[in-house]
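Each chain gets a letter, A, B and so on, in the order the sequences are listed, and its residues count up from 1.
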Amino acid sequence: MIRKTVANVTDALAGVKDGMTFMLGGFGLCGIPENAISELVRLGVNDITCISNNAGVDDFGLGLLLQQHQIKKMISSYVGENDEFERQMLSGELEVELTPQGTLAEKCRAAQGGFPAFFTPAGYGTEVAEGKEVREFNGKMYILEEAFKADFAFVKAWKGDAAGNLIFKGTARNFNPCMCGAATITVAEVEELVPEGELDPNQIHIPGIFVQRIFQGKDYEKRIEQRTVRQK
Amino acid sequence: MIRKTVANVTDALAGVKDGMTFMLGGFGLCGIPENAISELVRLGVNDITCISNNAGVDDFGLGLLLQQHQIKKMISSYVGENDEFERQMLSGELEVELTPQGTLAEKCRAAQGGFPAFFTPAGYGTEVAEGKEVREFNGKMYILEEAFKADFAFVKAWKGDAAGNLIFKGTARNFNPCMCGAATITVAEVEELVPEGELDPNQIHIPGIFVQRIFQGKDYEKRIEQRTVRQK
Amino acid sequence: MLDKNGIAKRIAQEVEDGYYVNLGIGIPTLVANYVRDDISVEFQSENGILGMGPFPIDGEEDADLINAGKQTITALPGASYFDSATSFAMIRGKHVDLTILGAMEVAENGDIANWKIPGKMVKGMGGAMDLVASAENIIVAMMHTNREGESKLLKKCSLPLTGVGCVKKIVTNLAVLEVTKDGFLLLERAPGVSVEEIKAATEGNLIVKGEVLEMSI
Amino acid sequence: MLDKNGIAKRIAQEVEDGYYVNLGIGIPTLVANYVRDDISVEFQSENGILGMGPFPIDGEEDADLINAGKQTITALPGASYFDSATSFAMIRGKHVDLTILGAMEVAENGDIANWKIPGKMVKGMGGAMDLVASAENIIVAMMHTNREGESKLLKKCSLPLTGVGCVKKIVTNLAVLEVTKDGFLLLERAPGVSVEEIKAATEGNLIVKGEVLEMSI
């Protein structure tokens, strides 16, 4: 077994530099790599490009990096929950590339799987298609989208082992598996690092080959963005 | 919950006709839809096109359909275990389209996921690339491959439920998940049809939305092609 | 005239037995509350769940279980979780039978705009562009006019598009309309709303054929 | 001169700590037996397992657990199973560090042919075309000549290609060779084999620089 375990978040983020491109898993605040984000704030790396479906909220998630003006460019599908984001974007401080959510996921998977490009119908006839190749297949129009390129992918899983195998939980899975192996170095933080051989090989969501470093995360807040309930 | 259960293999294959294109899961004899194959033999449908990684052996798997000369065309990556296959191919009785294994898998997944085409490096500079678009991305050459089109996909899973959710076992998984939802109708046969709600939603390999019909298979032989062992 | 729940209630009538349905944020989310309980339907949320259930009972919220609107939810028996690429394989691959989403503007040719007001508001398209480019059956839930009373059913969208020629049906607070090659065909009036009122609130070409019945909800 | 196990033994020396390795059918499969046990290596089989172990103990074979050669195998702690699309994502995405496969012919420019003899034999390429088109580190395990004594290390392949300019290193029963832009660079001789014998058995351009040492296995 090839061991991927590192001692802590600092070791996990070794090599992170200004100007790099990062992928960050999560949907809203669900399944975000909280430890990696905190460490990026602590390290104070600047001029970064973040590929992440959302941009967090003002005081949590990627919002923490926005507060410190560490982000130069965001590549996301939906950023509607963050006032500071909207302010920086409309003022021109922040460069923003909005990408359809399914295209965002597939551009990650293309990078993971060695596909340079793929055709998708999403965005045909819209701003998203501008400057991109358009082609008809079987009477329907598609646009050509290219794989992402990133230096680090930061993902959050539920359980993991020393081999880097990952299991996600509920809808905290979202973009996390798609980003594993889609960057030069994939860093996985897990709620529970289990002894080797404990995970059923049949139930692993992401095989360790897609992960370079894994560590036991801590102090997860797992903040809920929209607490909605019904009465019994 | 939307119920996909049908009573037996005969109901599961309702609508199967001469001249159709079928996808069949499995790698070698591992994870093949034994019940569906037997029923295809019984029905005697002819002039069929089969998309399957392998062609079985002379007296099992797809070899049973070859014996009856039911197959007009095979789309496979490796057919080296079947003498009758080689005979029919070299004599010109059988049309054969050999496709790189990773391309075969992705052409299934493209059909499943609504991608009309994708670029892959496999086969560049070889016979496989003949007549196909070639393009350079980042200094490397790729060829454009299109999604499969099929009428039925026959897959075999380990466990399934009435919603059509599937869990595969070991390396019997192989092409089966890739073919689910990649044809007009996906038929899943399972070793164990479990009561609804029994499968952990976190451990489902294929969500039921990709499956139209599911049934409890029977009399699985699960033949081993190359029994290799070591001494204790 | 319908309120938001009324719109949701009317749209719920469009949901058929055996449908997989994707509900957008806002009014569409309410549709789940009104689907007949004698049919089998599964709700897909593009963040990665099929078989979504109602909101959790107070105290049983799970941070790892939300819908695309970031609301806490539950999972029903037969549910499954999956990653975002698989989720959009369901959508792009036409495995989802019905998509219900909101809109800022719809044009008489079926174009839709719902993600951006240049210079003012940019929330992003989320999964909407994938949904409208892929789905064969799209129903838009929206108010017929904006706060200034201006029509949102237009000859041509003024805002950046989300998708082209994709909307099939629209349910507003005033009416049910079908998008045809000649424009908005008026199918039903909301209770107490006249054809004239609907005409006045519709900038795009409105087609009225024979008597238009009041919807029953 | 080496036998098949000797070739496998020599190739095993190329396997480094932390490598994910894909082994082809035939001689490559034997390599697993000779990898040093003080390094960590994981074997990937393209039919859907990472962390492949040795053959099962007699009586413990599992029909649902095979390798790409259809042989029964076992899984080691830390193993995982996955579908074919994911398996080739590992391969195409360059996550596999070393690919070892057999060949019918290799050309001095690194072209390889191993899937078809027109009109005679067509087994198919299996995963080989994906592997050779994607891998950055490919070692070919083969006999230096065919049964008729003709060289299989050619100026140009005569059989239909599996991949172009992709082979980096070749280990045969006679020698270890590196594919360079000028041809086959002779790195090592098999025990008891002379440079002249290797020259005679190599149709493609053979480069001999200085003294060529005998390999130590």
Side-chain angles (χ1 to χ4, degrees), chain B residues 1-6 23 105-118 147-150 153 157 159-168 177-186 188 193-214, chain C residues 15-22 32 35-53 62 64-66 73-99 127 129-136 163 166:
Chain B
M1 194 178 71
I2 303 171
R3 285 170 192 285
K4 309 294 176 67
T5 322
V6 294
M23 291 178 163
E106 196 65 18
K107 282 165 77 86
C108 293
R109 187 184 172 274
Q112 176 191 70
F115 298 102
F118 57 92
F148 280 131
K149 281 182 190 49
K159 293 183 182 178
D161 66 13
N165 293 310
L166 303 178
I167 296 179
F168 304 90
C178 311
M179 289 175 173
C180 291
T184 308
I185 294 175
T186 297
L193 192 63
V194 308
E196 63 181 82
E198 191 171 290
L199 300 179
D200 179 346
N202 212 39
Q203 289 169 1
I204 286 164
H205 294 141
I206 279 292
I209 194 172
F210 292 118
V211 174
Q212 277 67 49
R213 302 173 190 169
I214 187 168
Chain C
V15 178
E16 296 181 18
D17 189 35
Y19 268 15
Y20 292 99
V21 182
N22 179 288
V35 173
R36 285 161 48 193
D37 54 13
D38 62 336
I39 61 174
S40 295
V41 170
E42 286 188 33
F43 293 103
Q44 193 250 22
S45 195
E46 66 265 27
N47 58 313
I49 176 174
L50 189 70
M52 181 168 46
D62 178 354
D64 292 329
L65 195 44
I66 64 169
I73 52 160
T74 55
L76 297 174
S80 56
Y81 307 123
F82 37 83
D83 66 52
S84 300
T86 304
S87 182
F88 283 90
M90 295 178 188
I91 290 167
R92 207 184 301 97
K94 299 185 189 302
H95 306 288
V96 173
D97 300 290
L98 175 62
T99 291
M129 282 195 182
D130 304 270
L131 282 159
V132 302
S134 308
E136 312 226 298
C166 50

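In this structure, chain C has a heavy atom under 4.5 Å from the side chain of B/Asp161, while its backbone stays farther away. For B/Ile209, the parts lying under 4.5 angstrom from a heavy atom of chain C are both the backbone and the side chain. Of the two parts of C/Leu76, neither the backbone nor the side chain holds a non-hydrogen atom closer than 4.5 Å to a non-hydrogen atom of chain B. In this structure, the portion of C/Phe82 lying under 4.5 Å from any heavy atom of chain B is its side chain and not its backbone.
With sequence neighbours left out, B/Phe115 forms a ring pair (Phe, Tyr, Trp, His ring centres under 6.0 Å) with A/Phe118. With sequence neighbours excluded, the residues that form a side chain to side chain contact (heavy atoms under 4.5 Å, CB included) with B/Lys149 are A/Asn138. Applying the ring pair (Phe, Tyr, Trp, His ring centres under 6.0 Å) test to C/Phe88 and every residue at least two apart in sequence or in another chain returns nothing.
Across B/Glu198, B/Lys4, B/Arg109, the residue that shares the most heavy-atom pairs under 4.5 angstrom with chain C is B/Lys4.
When atom types are taken as modelled, the side chain of B/Thr186 and the backbone of B/Gly181 share a donor-acceptor pair closer than 3.5 angstrom. Using a distance-only test at 3.5 Å, with no hydrogens or angles considered, no donor-acceptor pair links the side chain of B/Gln112 to the main chain of B/Phe210.
Here CD1 of B/Ile204 is found 3.5 Å from CG of B/Asn165. Values are rounded to the nearest 0.5 Å. Put simply, CG on C/Leu50 and CD1 on B/Ile2 are 7.5 Å apart, with the number rounded to the nearest 0.5 Å.
Scanning residues 40-48 of chain C against chain B with a 4.5 Å heavy-atom cutoff picks out C/Ser40, C/Val41, C/Glu42, ordered by number.
The minimum heavy-atom distance between B/Ala111 and B/Ala182, with the atom names listed, is CB-O, 3.5 Å.
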